[in-house]
Amino acid sequence: VVFTPILEYLVLRRRQGARVWLGALCACVGCAFLTSSPDDSFVIVQQRTGDLLVVAAATAWAAYIVLTAAIPPDAGALEVQARKNLACA
């Protein structure tokens with residue numbers, strides 16, 4: 001949710017509306033609530049391995065969505081599959 005509009009702007013130069021950015025902000029606030037505990041401060045959150053893996057997975061998924069969105073509608077099946085394979089690699 002958060003990385004997709006950022007990558008879409010950087011790669012495809014597509015601007016997003018206010019609703020998308022509001023949704024991304026809500027997702028970030030929700031993640032802050034989920035990853036913090038009563039002992040942690042909201043300003044300084046300890047980095048955890050699982051959290052970093054989730055961020056890496058979210059970035060990879062956003063890259064997949066953006067790269068497959070760039071496929072032209074008239075592309076053949078072989079080109080579509082090649083681009084999807086490239087996105088996953």
Discussion item. Rounded to the nearest 0.5 Å, what separates atom SG in C28 from atom CH2 in W21?
Written reply: 10.0 Å
Discussion item. Restricting to non-hydrogen atoms, name the atom on V66 and the atom on E8 that form the minimum distance, rounded to 0.1 Å.
Written reply: CG2-N, 3.7 Å
Discussion item. Please give me the minimum heavy-atom distance between L12 and A69, naming the atom from each residue.
Written reply: CD1-CB, 4.4 Å
Worksheet item: Can you find a heavy atom in the side chain of R83 that is under 4.5 Å from one in the side chain of P72?
Response: yes
Practice prompt. Identify which one of I65, T59, V20 satisfies the side chain to side chain contact (heavy atoms under 4.5 Å, CB included) criterion when paired with T4.
Written response: I65
Worksheet item: Which atom names give the shortest non-hydrogen contact between L7 and A63, and what distance separates them?
Response: CD1-N, 3.7 Å
Discussion item. Would a single hydrophobic cluster contain both W61 and L53, if residues Ile, Leu, Val, Met, Phe, Trp and Tyr are joined by side-chain heavy-atom contacts under 4.5 Å?
Written reply: no
Worksheet entry | Connected via hydrophobic side-chain network under 4.5 Å: I6 and Y9 | yes
